[in-house]
Amino acid sequence: MHEAYDIHGVQEKWLPIWDELAPFRSGRKDDPRPKKYVLDMFPYPSGDLHMGHAEAYALGDVIARYWVQRGFNVMHPIGWDAFGLPAENAAIKRNEDPSVWTYENINTQRASMRRYACSFDWDRVLYTCDPEYYKWNQWIFLKLFEKGLAYRKNSAVNWCPDCQTVLANEQVVAGLCERCDSSVTKKKLNQWYFKITAYTERLLEDMKQLEGKWPDKVLTMQRNWIGKSTGAEIKFQIEDRAESVVVYTTRPDTLHGATFMVVAVDSELARELATGSKVESEFNKYFESVRSASDIDRLATDRTKTGVFLQRYAINPVNGERIPIWASDYVLADYGTGAIMAVPAHDQRDLDFARAMKLPVKVVVDTGEADPNETGIATEGIGKIVNSGSISGLESMAAISKIIDELAKKDQATATANYRLRDWLISRQRYWGTPIPIIHCSKCGEVPVPIEQLPVKLPDSKTVDLKPKGISPLATAADWVNTQCPKCQGSALRDTDTMDTFVDSSWYFLRYTSVNNQQSPFDDHEVKTWLPVDQYVGGVTHAILHLLYSRFFTKALFDMGLVDFNEPFTRLLNQGMVIMDGSAMSKSRGNLVRLSDELERHGVDAIRLSMVFAGPPEDDVDWSDVSPSGSVKFLNRAWRLSGDVTSKPGVNFSDGNIDLRKITHKALHDISFAVESFRFNVAVARIMELVNATRKAIDSGCGAADPSVREAVEGIAISLSLIAPYTAEEMWERLGHKPSVALAGWPKIDDSLLTADAVTAIFQVNGKIKSRIDVQPDISDSELEAMALSDPAIKSEIEGIKPKKVITKAPKFVNIVL
RNA sequence: GCCCCUGUAGCCCAAUGGCAGAGGCAGACGACUUAAAAUCGUCCAAGUGUGGGUUCGACCCCCACCGGGGGCACCA
């Protein structure tokens with residue numbers, strides 16, 4: 001039986017010692033170390049931790065632990081995103097308060113995190129369902145309300161029939177509810193919104209700060225989501241109507257080609273134009289058919305165009321042509337002005353409609369492609385303008401600015417931009433969330449709950465009918481709903497909706513700085529000390545939702561003077577998913593791997609190591625490609641080294657074997673570099689290399705007693721402490737040191753040991769390698785070139801031909817071009 | 001349909017315009033062992049998806065195509 005350490009024994013051994021030492025407590029007032037805020041996205045407490053958490057928290061931990069070793073005062077907090085539907089649904093099923101299920105899961109997860117050796121600061125924990133937390137949600141809501149950034153409006157909203165609540169645009173994915181995949185329908189409701197659209201340009205502009213620091217993918221997704229387009233608003237006179245209609249177009253250069261106008265069937269304008277006309281009943285029939293269609297149907301791209309001619313005409317401002325006005329569902333009521341000028345020759349959707357309705361097609365841009373009249377394919381590119389009066393002959397770009405100028409003088413056009421981003425709908429018709437702190441008074445209207453009355457706590461769940469029925473369960477708590485108007489003292493009603501749980505996570509990173517503060521959401525001084533977050537770690541699933549909302553909150557708080565930075569997360573790392581056999585793990589697929597089973601089998605360190613070593617962090621980890629037993633083997637191999645070292649702690653390393661010392665210093669240097677550039681898999685490979693080299697040095701090199709061996713093994717223990725804390729702690733103890741290795745500090749790297757004694761130079765002829773030779777690393781270009789030219793292999797290649805060119809980069813290579 | 005990422009050994013992955021291989025998994029062989037496990041050691045394999053181009057030199061940069069993944073998709 002070869003010596004091996006007891007995986008589970010060491011876990012039980014070190015946990016209480018770490019509890020005692022609390023090596024990751026941050027924020028001592030007199031701490032002289034520079035700060036670093038490393039943040040993992042907090043979990044939703046939906047049961048125990050799973051493989052995905054194991055990966056994410058292993059990666060975040062490497063970063064946090066690394067900066068501690070590098071001498072930083074690292075804040076690495078954790079909390080729970082504890083409001084939300086699963087708790088409520090469980091509560092209904094179990095007939096108990098949602099908090100019971102929630103806190104049971106939180107306790108389970110907390111115990112698992114402790115065991116998983118997460119380097120969290122356990123003094124900075126928060127739960128969003130805690131009234132001490134959501135009180136500040138309400139406080140921020142009221143601040144936004146005061147600034148006009150929180151408002152209520154009546155409009156058609158996304159409704160999930162399964163969750164029985166409304167959803168924000170961001171929470172509808174391809175017509176389906178992002179939570180439960182039900183088909184989302186529309187419902188006309190009076191709902192609360194946050195005015196994120198007031199920040200559109202800044203959300204877009206400030207992304208420049210994040211370039212290179214956030215994954216490009218996330219920035220692209222946010223840009224797409226915001227969806228900026230530039231163009232012009234153009235006024236069209238309408239026959240027999242005093243007011244003109246404004247349309248938005250990105251292609252004012254095609255204005256002469258507008259042969260009809262289309263208004264959104266569900267717009268006010270369409271209703272007005274149809275009312276009292278001969279086509280009113282036909283319009284109503286069409287309107288009803290469109291209204292009952294699901295989003296899924298509506299979004300199908302290959303759907304044939306439908307519409308109703310409203311028997312009305314608009315006048316094209318550039319040529320006075322009468323163009324018919326149609327109502328259709330292919331124009332959206334809430335984008336642009338809800339009406340468009342249709343240019344069938346140069347827009348595929350308009351062309352499809354024109355062909356379906358037998359409307360004329362007029363080519364006004366020559367793109368060099370075939371006539372859309374014949375091909376049925378609109379020529380959407382830019383080109384030379386034709387048949388367009390004053391702008392004929394211009395290129396599209398020049399034509400756009402000219403026509404806008406001309407029309408602007410007559411007050412018929414304005415250059416403008418449009419965005420896809422809509423305001424954030426935050427009211428939800430469910431119980432387990434933050435109550436909206438507004439009182440509705442028949443005399444005074446929407447009255448904010450006075451600050452000193454916060455929090456507006458949720459009514460006791462026993463007094464509430466939790467079953468979803470389309471209105472908020474809070475409405476059934478009569479005693480809670482009926483209250484007094486803070487202004488006129490008359491009887492009034494509380495708002496019964498709760499906030500979207502994304503509100504909770506939009507500022508939690510600020511609360512960590514002062515979780516026990518009862519006077520304000522966060523302590524000014526602490527926020528100045530710690531924020532912004534230096535490193536955020538989490539899944540790409542939040543690329544739009546959470547990250548966009550948090551950026552919006554930060555900017556709003558900045559404008560209120562509450563924070564002094566405008567981007568919350570300086571750097572972002574997106575880890576991939578843990579999958580199995582090529583697809584996402586799920587019970588129904590039968591490919592679920594249970595984290596607890598894996599931990600039981602291989603131990604915490606081996607699982608953490610496997611996660612980190614599996615590949616680049618942003619790639620998915622396929623668990624079927626991972627060998628946790630290989631990790632166990634490696635950890636044993638590293639651990640055994642610590643028992644072989646015979647020199648005493650504190651021995652002078654400079655007396656050690658130079659070869660091993662060079663390997664050690666190079667390895668430690670490379671490991672730092674790899675960790676700082678998020679190539680953790682490479683860092684692990686370097687540690688493995690160092691372990692192999694040390695093994696060799698002990699068995700067949702300088703021997704176990706050499707000081708260089710101690711230096712190497714100590715370096716291994718410290719590096720491993722980022723990834724495999726239990727093993728590292730055991731090694732550190734066996735090396736004769738006191739715990740914790742987490743605080744040992746990164747070894748000082750001696751630059752003079754980083755240069756090799758000799759390097760292999762290569763000699764090429766026409767880029768092909770012909771010879772190689774070991775040279776001094778400080779050899780000069782001319783020396784190396786001379787060596788190359790006198791090298792026998794090279795000489796025979798050259799054979800008296802005079803080289804055209806010789807490229808020399810000492811000490812690496814010489815390339816002779818013939 | 002549009003945009004982005006990606007393709008290296010049987011597999012997971014390294015290689016920051018300069019020797020294609022750092023590390024691991026799997027495999028083969030040897031040492032130790034009565035034997036096996038564990039351990040230690042040795043070995044094994046691709047010329048970088050395909051075709052062009054730039055360069056003295058390309059896995060790396062550019063273009064096209066093929067395969068895989070992702071995002072957007074009636075947003076005027």
Side-chain angles (χ1 to χ4, degrees), chain A residues 1-4 174 215-221 223-225 227-229 231 247-251 254 262 264 298-303 305 328-332 334-343 346-350 352-353 380 418-422 540 543-544 576 582 609-610 613-616 618-622 624-631 633-634 636-637 640 667 670 673-674 677 679 681-692 695-696 699-700 759-769 771-772 803-809 812-818:
Chain A
M1 181 70 193
H2 207 279
E3 197 186 22
D216 286 342
K217 188 177 159 178
V218 174
L219 295 176
T220 305
M221 285 170 75
R223 271 191 203 100
N224 286 344
W225 187 259
K228 180 175 184 171
S229 80
V247 303
Y248 172 72
T249 178
T250 55
R251 292 294 299 273
T254 64
V262 186
R298 218 181 58 77
L299 288 170
T301 42
D302 51 353
R303 196 160 146 260
K305 295 277 185 286
S328 175
D329 64 347
Y330 87 88
V331 170
L332 306 176
D334 58 354
Y335 182 80
T337 61
I340 62 155
M341 62 178 213
V343 184
H346 307 297
D347 182 289
Q348 192 59 47
R349 295 155 300 180
D350 296 344
D352 293 343
F353 191 83
E380 298 186 328
N418 248 299
Y419 305 88
R420 216 182 71 120
L421 183 71
R422 307 295 150 79
V540 75
I544 297 172
L609 175 66
S610 299
F613 186 50
E618 58 276 11
D619 289 5
D620 288 348
V621 175
D622 196 323
S624 61
D625 293 331
V626 168
S627 167
S629 56
S631 297
K633 219 168 95 178
F634 165 71
N636 267 302
R637 197 170 144 81
R640 278 197 311 273
D670 288 357
F673 185 65
S677 43
R679 283 145 63 244
N681 53 327
V682 178
V684 172
R686 293 288 169 269
I687 301 174
M688 289 174 166
E689 233 176 315
L690 182 56
V691 167
N692 292 343
R695 178 83 266 154
K696 205 170 211 165
D699 292 349
S700 57
V759 291
T760 307
I762 53 169
F763 298 152
Q764 301 172 316
V765 175
N766 288 335
K768 299 270 182 289
I769 294 151
S771 180
R772 56 197 75 192
K804 271 191 206 137
K805 202 174 184 183
V806 179
I807 296 126
T808 306
K809 283 268 166 70
K812 287 173 128 179
F813 73 94
V814 178
N815 185 16
I816 297 156
V817 186
L818 298 179

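Chain naming here is simple, since letters A, B, ... match the order of the sequence lines and numbering starts at 1 in each.
- Look at A:S229 and you'll find a side-chain N or O under 4.0 angstrom from OP1 or OP2 of B:A76.
- Nearest nucleotide to the A:D329 side chain, out of B:C74, B:C56, B:C11: B:C74.
- The separation between A:K696 atom NZ and B:G41 atom C1' is 9 Å, rounded to whole Å.
- Side-chain N/O atoms of A:Y335 include one lying less than 4.0 angstrom from OP1 or OP2 on B:A76.
- Protein atom CG of A:D216 is 14 Å distant from nucleotide atom C1' of B:G70, rounded to whole Å.
- Counting only heavy atoms from C-beta on, A:M221 has its side chain closest to B:G71 among B:C40, B:G71, B:G23.
- Two residues, A:K633 and A:F613, neighbour RNA chain B, and the one matched to the more 5' nucleotide by heavy-atom proximity is A:F613.
- When rounded to the nearest whole Å, the span between CD1 of A:I762 and P of B:C19 equals 5 Å.
- One finds no side-chain N or O of A:N681 lying less than 4.0 angstrom from the OP1 or OP2 phosphate oxygen of B:A22.
- In the interface, the side chain of A:D625 is not paired with the base of B:C12 through any donor and acceptor atom under 3.5 Å apart.
- Listed candidates were B:C56, B:C12, B:A76. Nearest to the side chain of A:T249 is B:A76.
- Side-chain proximity of A:N692 to the nucleotides B:G24, B:C40, B:A76 is greatest for B:G24.
- Under a cutoff of 6.0 Å and an axis angle of 45°, A:K305 and A:Y330 form a cation-pi pair.
- A:V814 is not listed as a side-chain neighbour of A:Q764, based on a closest heavy-atom distance of 4.5 Å or more.
- Between A:R640 and B:C40 there is a side-chain polar atom (N or O) within less than 4.0 angstrom of OP1 or OP2.
- Judged purely by atom type and a 3.5 angstrom limit, A:N418 has no side-chain atom pairing as donor or acceptor with the backbone of A:S229.
- Minimum heavy-atom separation, A:A614 to A:V621: CB-CG1, 3.7 Å.
- A:K217 has no side-chain polar atom (N or O) that falls below the 4.0 Å cut-off from OP1 or OP2 of B:C4.
- For B:G47, the base is syn relative to its sugar; the glycosidic angle is within 90° of 0.
- Between the P atom of B:C19 and the CG atom of A:N815 lies a distance of 12 Å, rounded to the nearest Å.
- Under the Watson-Crick and G-U wobble criteria, each requiring two contacts below 3.5 Å, nucleotide B:A45 is left unpaired.
- Rounded to whole angstrom, the span from the CG atom of A:D622 across to the P atom of B:C13 amounts to 9 Å.
- Rounded to an integer number of Å, the gap from CZ of A:F813 to P of B:G17 is 13 Å.
- Between A:N224 and B:C3, a side-chain N or O to OP1/OP2 separation shorter than 4.0 Å is absent.
- Closest to the side chain of A:L332, out of B:C56, B:G18, B:A76, is B:A76.
- Checking A:N692 against A:R637 by side-chain atom types alone, a donor-acceptor pair falls below 3.5 Å.
- One can place NZ of A:K809 at 16 Å from C1' of B:C19, the figure rounded to the nearest angstrom.
- In this structure a side-chain-to-backbone donor-acceptor pair under 3.5 Å is missing from A:N815 to A:I807.
- The partner of B:C25 is B:G10, judged by Watson-Crick or G-U wobble contacts that both fall below 3.5 Å.
- Whole-Å rounding puts the A:D699 CG to B:G41 P distance at 6 Å.
- Contact check for A:V343 versus A:R251: no side-chain heavy atoms found under the 4.5 Å cut-off.
- In terms of position along RNA chain B, the nucleotide closest to A:T220 lies nearer the 5' end than the nucleotide closest to the other residue of the pair A:T220 and A:R420.
- Pairing for B:G18 is with B:C56, a Watson-Crick or G-U wobble pair whose two hydrogen-bonding atom distances lie under 3.5 Å.
- Contact of A:Q348 with B:G1 (side chain to base): no donor-acceptor pair of N or O atoms is detected under 3.5 Å.
- A close approach under 4.0 Å does not occur between any side-chain nitrogen or oxygen of A:R223 and OP1 or OP2 of B:C72.
- Here A:R637 reaches the OP1 or OP2 of B:C40: one of its side-chain N or O atoms lies under 4.0 Å away.
- For A:T250, counting side-chain heavy atoms from C-beta on, the closest listed nucleotide (B:A76, B:G18, B:G23) is B:A76.
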